[in-house]
Every structure is written in C-alpha cells, then in structure tokens.
Number of protein chains: 2
Amino acid sequence: MIIKQQTPNEVRAIIFKALSDEARLNIISTLYQHQQEMSCGEIGDQLDINKSTASYHFKTLREAGLTTTRKVGQNKFVSLNLDVFNTVLPGFLDTL
Amino acid sequence: MIIKQQTPNEVRAIIFKALSDEARLNIISTLYQHQQEMSCGEIGDQLDINKSTASYHFKTLREAGLTTTRKVGQNKFVSLNLDVFNTVLPGFLDTL
DNA sequence: TTAATAGTTTTAAAACTATCGAACAACAAA
DNA sequence: TTTGTTGTTCGATAGTTTTAAAACTATTAA
C-alpha cells in the first residue's frame, strides 16, 4: 500500500477546503453547540438540507478528518474530531 | 449603496476558501516567516509561480481580507492582515 | 522617446464542486 | 413478510476554480 506523503500546507488545504462551504460550517457549528454527537437526520432536519446533499457534506467532512461517524442501528452519529481542530486550528471552535 | 449582510459562517466560508489552496497557503507561510511585507515578484520568485497565476492568488487573498497591498513605484508589497487572522483563526499563524 | 520591469486583466480550457431526484442497502417495526 | 426509516450512491446539471498565454497599464531608466 502506497501512502502519498503530504506537506503540512497540503494537509491544511484539504481541511480548509472542507471548511470553505457554508453548509458544512453550519454542520460544524451545530455539532459544537450541541456538545455531543448528533445523527445525520437530526442535523439535516435542523439545517434543512436535502438528505443526499447532507450525506455528501458529511462525507467531505469525514474524509478531511474533521468528524467521526458511528453507526447505531439505522442511525449514524456524527461527532467532531476535537483533537484535529485543536492541532490545525487552535482556538477556532471557541469562536463559533 | 447596498451592502449584502453576511452571516458569520458566510464570512468564514469566504476566508476558508481563500485558504483552501496550497499555493495561497505557501504565500501566507512565506509572508509570516519573513516577518515583513514582500513584493509580489519576490514571493512569486521564491515559490516559483507563473506571474499571472500569482496575481490571481494575490487578488483572492486580498478580496478575502487576509492581506493588504501597498504600491511603491512599480512594485506592490503584500502584508498579512494579522488582526483578521487573530479574530477568525486565533493561534493559526503560530502553527505555520 | 524608447526600452525594460512589475503587476493586472482577459480569455479559454480543464478540472472540480454543489445540488437534487432516483434507485439502492441496511435495519427496525408491524 | 411487508412497510417504513435512515442514510448512501449514481447520474445529470449548473456553476466555480485554477491555470497560463497574450495583451494590457503603470512606472522607471537610458
């Protein structure tokens, strides 16, 4: 298995790209203010996003390493990877 | 004159979009490490970017409010808007 | 005035992104 | 088993972003 080495700024660019969309920032804010994991549907309802669009945004955030998803029955719960935020963007979450 | 009201997350999205490109992050890092304003050409040379591409990236950063440009003779000097970084991304520059 | 230098703008191609409906898979409940 | 719920994937579409050559503007030097 080949792992593509990434420069620090490449890693940052991927993270900033994930954060460069208002819908995804709304997801992040909602999760942070809720102080605990939320299901995809709960977030989608609250922000009034089409479910396939929401799924696309969840995937984008997950692939950037900003969130983690846990399946419970027919639900999927999304939570913030606080360690990643604190490493790459220290103090950012507290500005939300 | 009509000023379009922007939500906090809209403002953040614009800033993150400007930071979501490796070339622009390299410009930011270079400026921060240099500890003082640099001319467009100086930055372009150091990062080996085509001058029209560089000009496009400078404009993107400027329009996001992340940099300021000052014209001196035939040169233009670019500097970081530290206050904007400190407000929107406190602590970020020190991770570079 | 002429030539050189520093940046910007225009334009067009290629690549990428966001959105949504429709079809799908996984699970739960009746 | 059938029905409903939750979320993902696919395909189409519309719009955006990045890049670089070419033409341009502004300034300085010869």
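Heavy atoms only: backbone and side chains are in, while hydrogens, waters and symmetry mates are out. All chains are named by letter (A, B, ...) in the order of the sequence lines, taking the proteins before the strands, and each is independently numbered beginning at 1.
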Problem set entry | A:Thr69 vs A:Phe77 side-chain heavy atoms within contact, under 4.5 Å | no
Exercise. Is there side-chain contact between A:Glu22 and B:Thr7, with heavy atoms separated by less than 4.5 Å?
Worked result: yes
For this session: Identify whether any heavy atom of A:Arg62 sits under 4.0 Å from a base atom; if not, whether one sits that close to sugar-phosphate; answer base, sugar-phosphate or nothing.
Result: sugar-phosphate
Respond yes when some side-chain nitrogen or oxygen of [X] is under 4.0 Å from OP1 or OP2 of [N], and no when none is.
X: B:Ser39; N: C:dG7; value: yes
X: B:Asn50; N: D:dA21; value: yes
X: A:His57; N: C:dT17; value: no
X: B:Thr53; N: D:dT18; value: no
X: B:Asn75; N: C:dG7; value: yes

Exercise. Counting only distance, no hydrogens or angles, is the base of C:dG21 paired donor-acceptor with the side chain of A:Ser52 under 3.5 Å?
Worked result: yes
[X] has an atom [atom1]; how far is it from atom [atom2] of [N], in whole Å?
X: B:Arg70; N: C:dA6; atom1: CZ; atom2: P; value: 17 Å
X: B:Asn26; N: D:dT18; atom1: CG; atom2: C1'; value: 15 Å
X: B:Ile49; N: C:dA6; atom1: CD1; atom2: P; value: 16 Å
X: B:Ile14; N: D:dT17; atom1: CD1; atom2: P; value: 10 Å
X: B:Lys59; N: D:dT17; atom1: NZ; atom2: P; value: 12 Å
X: A:Met38; N: D:dG7; atom1: CE; atom2: C1'; value: 16 Å
X: B:Glu22; N: D:dT18; atom1: CD; atom2: C1'; value: 13 Å
X: B:Lys51; N: C:dA4; atom1: NZ; atom2: C1'; value: 11 Å

Exercise. Counting distance only, does the side-chain N/O of B:Asn81 pair as donor-acceptor with the main-chain N or O of B:Val84 below 3.5 Å?
Worked result: no
Exercise. For A:Ser39, does its backbone N or O pair with a side-chain atom of A:Asn75 as donor and acceptor, under 3.5 Å?
Worked result: no
Which nucleotide sits closest to the side chain of [X]: [options]?
X: A:Lys71; options: C:dA6, C:dC27, D:dG7; answer: C:dC27
X: A:Phe58; options: C:dT19, D:dT9, D:dT8; answer: D:dT8
X: A:Lys76; options: D:dT18, D:dG7, D:dT19; answer: D:dG7
X: A:Cys40; options: D:dT18, D:dT8, C:dT19; answer: D:dT8
X: B:Lys17; options: D:dT9, D:dT17, C:dG21; answer: D:dT17
X: B:Gln74; options: D:dT27, D:dT5, D:dT19; answer: D:dT27

Exercise. Would one find more than 12 heavy atoms of other residues, nucleotides or ligands at under 6.0 Å from atom CG of B:Asp83?
Worked result: yes
Exercise. Taking the six-membered ring for Trp, is the centroid-to-centroid distance between B:Phe16 and A:Phe92 below 6.0 Å?
Worked result: yes
Exercise. Closest nucleotide of DNA chain D for B:Arg24 versus for A:Tyr56: which of these residues is on the 5' side?
Worked result: A:Tyr56
